[in-house]
2 protein chains.
Amino acid sequence: MSKELKNTFYGNAQPLMIAVDCIIFGFDKEGLKLLLFKRKIDPFKDKWSLIGSFVDQEENISETGHRILKEYTGLTNVFLEELGCYGKQDRDPAARVISIAHFALIRLNEQQLKLVESYEAHWFGIDEIPDLILDHNKMIAAALEKLRLKARYQPIGFELLPKKFTIPQLKKFYDAIYQKKHDRRNFRKKILDMDILKKLTEKDKTTSRKGAFLYQFDKRKYNKLVKKGFNFTF
Amino acid sequence: MSKELKNTFYGNAQPLMIAVDCIIFGFDKEGLKLLLFKRKIDPFKDKWSLIGSFVDQEENISETGHRILKEYTGLTNVFLEELGCYGKQDRDPAARVISIAHFALIRLNEQQLKLVESYEAHWFGIDEIPDLILDHNKMIAAALEKLRLKARYQPIGFELLPKKFTIPQLKKFYDAIYQKKHDRRNFRKKILDMDILKKLTEKDKTTSRKGAFLYQFDKRKYNKLVKKGFNFTF
DNA sequence: GTTATAAGCGTAAAATAAACGCTTATAAAC
DNA sequence: GTTTATAAGCGTTTATTTTACGCTTATAAC
């Protein structure tokens, strides 16, 4: 259908502006973090905010999200999921803008941590999020809630942890998500019983004298488990 | 801020059309049902579809949903929740339209069942949904999935069941949602242990000689339970 | 009165989760 | 080179939850 012909059917509809805002989670030794940016445009210039962009006419919404992530973190193939729609009529005083919030999970490493500084961005610990513009604090609260919920039935930790990780590291992630210290021994038992981890021969010795064995996620076994249906309850 | 001043900040953004589509669930003796409509406009005139409407400039998105429900079912105060955003660039051949799918749960009674016929609408059993326009079948699949998920940690059945209901009726609802026959005795035990139902003295005798006691949902007790945190696992 | 059946009640067994004592490997201290 | 401190790892016991299923009950239909 030609562009001219398009939209003759729905002629009476009023178009609105649509944006995608990204809640970018990262995780490292210090815990769960969130990437925030100093806003570059008015209104609210120089205030802390999530990073976002308008959706282009020719762009799928998830493409907008990945475009944002690529531009500001340099990463492609990031775990990105729709969180929800923030469309209150008066949410942005500058214009009627509907934002489709998305949350992303990325593996943190030194490179990542430095890269972002060039965008006047900063990784904030999850307990030290500042006041943000518009409804961005609300979005973050919802994202955390969803992350918790998702972690119950999907091994979401694997998107955030490094490729090789130790069981205590994995536990630390779940402790952060659920804001609860799990029992070290029961946690280990439960996660190993799932039979989705492959034990490596290497150890990580950065956090203890004894060192902890590194593991890798066994995708094949995991997919099998998902099909059978399971429930991460920690 | 005046309308003229608005949007000078985001001048480069291209506005798009936003619609809300509603997946309307109902439940009666026959089981879980879905309300579908014969589309009134081109393209796809006279094909079965969900009911929807464009979002107005001055309207919150949830208001659009409630407006649709009011107009086509006559009901206000309906349980309505955002399902997700369907915004693929080519989802509608007639124009770039982003749809925010919502799902609604309504109590079915005779009046409801008749009312809808005036809109060339029809209640379809959940296992006999026809082919719908655009991505509407996808939306329904996602809505069912979400309904299942939600039913685990929210007593969602109470939105769909009549004010007074029997335990076998409630079980029937969960059987339908999870597509699994639960054990009658364990189901009863579990739901009663939650202590959120108020037993009435009346019985419903339409489904058995013995009759089943009617119950009502005790909102006060339920709210207490929600705060404490719980998990419907059937 | 007998019968058939959905509704309702209770108990035993199986599975899962929680609590927690003990051992081990290793770097650092002496 | 011996001791010490500690995170990591291993295993058992107890408590809780889930599942399976036998038995009783109220009532309409015959």
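A note on names: the letters A, B, ... follow the listed sequences, proteins ahead of strands, and every chain is numbered from 1. Hydrogens, waters and symmetry mates play no part in the numbers below; they use all other heavy atoms, side chains included. Since this is a predicted model, take the numbers as computed values, not measurements.
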B:T166 side chain to B:D204 side chain, donor-acceptor N/O pair below 3.5 angstrom
no
task: Please lay out, stage by stage, how B:Y215 and B:F165 fare under the test ring pair (Phe, Tyr, Trp, His ring centres under 6.0 Å).
output: CA-CA 5 Å; B:Y215 285 82; B:F165 53 86; 7.2 Å; no
Among C:dA7, C:dA18, D:dA7, the one nearest any side-chain atom of A:N186 is C:dA18
Neighbour count above 12 (heavy atom, 6.0 Å) for A:K203 NZ = yes
For the residue pair A:H102 / A:D21, report whether a side-chain donor-acceptor contact shorter than 3.5 Å exists. no
Here the distance between atom C1' of C:dG10 and atom CZ of B:R188, to the nearest Å, is 12 Å
Review point. What about B:R184: does its side chain form a donor-acceptor pair under 3.5 Å with the base of C:dA7?
Key: yes
Between NZ of A:K171 and P of C:dA18 the distance, given in whole Å, is 13 Å
Here the distance between atom P of C:dC9 and atom NZ of B:K190, to the nearest Å, is 19 Å
* Salt-bridge test for A:D218 and A:K198: reply yes if a basic N is under 4.0 Å from a carboxylate O, no otherwise. => no
Open item on the list: Can you tell me if A:K47 has over 12 outside heavy atoms packed within less than 6.0 Å of its NZ?
Closed with: no
Taken to the nearest whole Å, CZ/A:F213 to P/D:dG9 is 7 Å
Original post:
Checking A:K171 side chain against A:H182 main chain: does a donor-acceptor pair fall under 3.5 Å?
Top reply: yes
Rounded to whole Å, CG of A:D204 lies from C1' of C:dT26 at a distance of 14 Å
In whole angstroms, the gap separating C1' of D:dT17 from CZ of B:F187 amounts to 17 Å
Checklist entry - Taking atom types as they are modelled, is there a donor-acceptor pair under 3.5 Å from the base of D:dG11 to the side chain of A:R185? => result no
Separation of C:dA13 atom C1' from B:K189 atom NZ, nearest Å, is 12 Å
Item to complete: Check whether any side-chain N or O of B:T207 sits under 4.0 Å from OP1 or OP2 of C:dA7, and answer yes or no.
Response: yes
Rounded to whole Å, the CG-C1' distance (A:D183 to D:dA7) equals 14 Å
Could you write out each protein N or O paired with an N or O of nucleotides 24-26 of chain D at a distance under 3.5 Å?
| from | atom 1 | to | atom 2 | distance (Å) |
| --- | --- | --- | --- | --- |
| D:dT25 | O2 | B:K210 | NZ | 2.8 |

For D:dA8 and A:T166 - does any side-chain N or O of the residue sit under 4.0 Å from the phosphate oxygens OP1/OP2? no
